[in-house]
Every structure is written in structure tokens, then in C-alpha cells.
Amino acid sequence: MPPVPTLSYSSYRTYLECPQRWKYLYIERRPELPRGYFTFGRVVHSVLETLVRPLVVPLARRVSAQDTQRTLDEWPEPTAAPPTGSWMAADDLLALYDRTWSGEGYSSPEEEARYRALGRDLLLRYHEHLSRERPRPVSVEEHLEARWDGIPVHGYVDRIDRTPSGGLEVVDYKTSRELSGEDAKDSDQLSLYQVLVESNYAEPVERLTLYHLRSLTPLRARPRAKSTLERLHDRLGTVSDGIRAGAFEPTPGRFCARCDFQSICPEFRSVPPVEETRLQELVDRFERLRESERQLEQDLKFTAEALHRAAEELGIHRVPGSRSVAVRRREETWQYSLDAVRPLLERAGLDARLGSGSQEEIRSLVRDRTIDPEIRRRIAEVATRRIRWYWELDADRGAA
Ligand code: SF4
């Protein structure tokens, strides 16, 4: 089995969106086309990093790690950073912005000009805001790593601030148009950053913040509860297992529209001309067989139902044919409603045992003798019974 991969938030999210795309990006290292809005985000982040870095007063880290403070991935350093400890003037900020600007990926000069003007406006307003209300950062663009219950994770955290009560606030800048308080509450990215910061710093994380730069609005959420983090850990585990098992099936959907790999993706590649006729015949044959199969299934269902009705009217379970006997069988299964089982386990502090919440998993909890019999009895009580009747053929016992 390959080693456990180190997951970042974007790697995790890419795998969830489409494992095949993850493979193109993270194993085959295929480059993607530049896009204006990504370039814009990187430029603004890079300028903000240089602007805020002089304010950083580092805290002692929980673990000894080599100096991991770095600029954004592979982004060129601005040529003239301000001296440490100084606060950059607005003109210098704009000059830095102009030096850092890149026109990569914009669809037209007009689009680039629009974004460039937006960036100037946004940075000037944020600069003015910070001049009045200085943050107390302990790090900017810090690369943090952790081993989260067996899963290696890492990420670049835009900013970590000290809160008035001495805790920490994780700040992630967003240049996107729309953002809501719900985004901050639901963000898996912030959850992962909480884990990274708590693994590396002694102080507790007190706030998780998405900073909406266009409106200068911090969208704050409380730190995640243990159960929320455990659910994220389970999802990361599923992604990690999938990667290790080499599960890279394409999952076409809404993400295909902005995927650069359509021309090589099995979901979109065309049949080579030399194979067209042969494969067309196979598809036509497959279609005919499918239709026969559908008719056969309908016939089978209709006949089985007629036999069930007769069996119930006559009170019989064995019906001889000319070559075999049809024997009526009963199958009983118990179905658990996850909505009913989860609160029971949460009250007993056992919700972490639930994992994916599959029927088999719940059944194994009911059988698990390490769990209080009273809790197992309550879980069993919320199950509903399903009965299915079906026919089997006994070939040796037909009518003479
Ligand atoms: S085109 Fe769609 S299915 Fe294919 S790799 Fe891209 S996202 Fe996945």
C-alpha cells in the first residue's frame, strides 16, 4: 500500500470533486491554464502579506519546526519590501501592487483592467482600515503541518491574530464577490486550519474568520466542536484511503465546465475513427439485449406476483411445476434510521463510533458487547422490520 498522502484543503476538495482530476493534478503534475480570478487572488494575498508582516509579533510554537514562514506558493517576492517594523504608506502600497501585478489568465485587456482597478480600491480601503484598527498578527502566510490522528495535513494560513483574551483568531482573506456568515460556519478550510493551528500553538483558537475584502467585513465563526472536527477527519480519511487504493474514477458534474482536462478525460474523449463502426455495432447489440432483459424482468415480476397471490389465497408455500417446485421463502431485515440512532449515540457520548452511519455499522454497534446493553436495546428499538417474500426453484422436486 502506498504511504498515507499529506492532504491540504485544496487537495482534499479536489479529490471530493473529482478523483480523476486529482490524479491529473497531484500525481501527473499536469499544469492548469491560468485564470484571471486566481491570479488576482494571489496578487492581493501577496501584497497583503508584505503589508501586514511588519506587524507580526511571533508566539512560541508548540513544536520545534524549521522556519516555515514562507510567501505564497511559488509567487515572486515583491522587489522592495518595507523594512521590518515600519507601516507602509498608501503610495508605497500601490507601488508594490503595481510591481506585483500579473496579467496572467485574464480573458481580455478590459477584464484585466477591471480587476486591477478593483484590487487598487480594495487594497487602499483595507490599508486605511488597518491604519485605524491595527491587527495583532502572530504570523502571516505561515505553512503549518500536523499529523491529525494518523492523517498528515498541511496548509498556508493567511493570518493568525492574537485575540484580546490571549487566544488566537484564524483569518482567511477572500477576494470573491459573495460571502456569507454561513460560509464561515460551514467552511472545511477553516476547520482544517483550526486543527493545524491548535497542533502548532499552545494558545486556543477562539475565532475562525473569513475576511471579505470587497466589503471589509470579517465573517466570524466560533471554533468547531469536537464532533464537527471528527466528521471532517472521517471525510479526510475516506479521501486518504481512496488515494492510497488508487481510486481515481472520474465523477463528471458541474466541475467539468471549468476543468482543463476534458480533452484527456475518459468521460469526454471521443472514439477513434478506426473503431467507430465496431463499437457502434456493440452498442446497438447492447441496447437490444437491455430491452430483452427489461421485458424478461417484467415477466418475471408479473409471474412471481401471480404465484404470491395464489400462495396467499390457498395458504401454500410449495407449488410444483413440471420440472421443479417453486418454494416460497421469507426474508426479514431490520432497518435503522440514522436520524433516530445518531441522537441516542450523541447522548451516550458514542457518536464518534458511528463513522459513515451505514446499516452494517449500526448493526455491529447493536452486537458490540463493550457498549452498555441499555443503549444497544434503545438502538434496536428504533429499527423497523422489513419482510420480503421471494421464490426459489427446487429442481429435483417437480411434478412427475
Ligand atoms: S472533465 Fe470532469 S470528470 Fe473529467 S477530470 Fe475533469 S472534472 Fe473530472
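Only a predicted model underlies this, so the values are computations on that prediction, with no experimental measurement involved. First listed ligand is number 1; within each ligand, the first listed atom is number 1.
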Looking at CD of E198 and CG of L144, how far apart are the two atoms once the value is rounded to the nearest 0.5 Å?
12.0 Å
N/O/S from C265 sitting under 2.8 Å away from atom 6 (Fe) of ligand 1:
no
Which atoms of ligand 1 sit under 4.0 Å from any heavy atom of Q262?
1 (S)
Under 2.8 Å from atom 2 (Fe) of ligand 1 - does any N, O or S atom of C256 fall there?
yes
Which atoms from ligand 1 have a heavy atom of C18 less than 4.0 Å away?
3 (S), 5 (S), 7 (S), 8 (Fe)
Residue selection (non-hydrogen contact nearest atom 6 (Fe) of ligand 1) among C259, P266, A257:
C259
Given the side-chain rings of H308 and W389, with only the six-membered ring counted for Trp, is the space between their centroids under 6.0 Å?
no
Going by the atom numbers of ligand 1, which of them fall below 4.0 Å from some non-hydrogen atom of P250?
3 (S)
Between ligand 1 and F268, can you find any atom pair, the residue atom being a heavy atom, that is separated by under 4.0 Å?
yes
Where does the angle between the aromatic ring planes of W22 and Y26 fall among parallel (under 30°), tilted (30 to 60°) and perpendicular (over 60°)?
parallel
Quick check: closest heavy atoms across G155 and L196, and the distance to 0.1 Å?
N-CD1, 3.6 Å
Atoms in ligand 1 flagged as close to P252, the criterion being non-hydrogen separation under 4.0 Å:
3 (S)
Over all atoms of both residues, closest heavy-atom pair of S165 and E206:
OG-OE1, 2.6 Å
How about F40 and Y106: are their ring centres within less than 6.0 Å of each other?
no
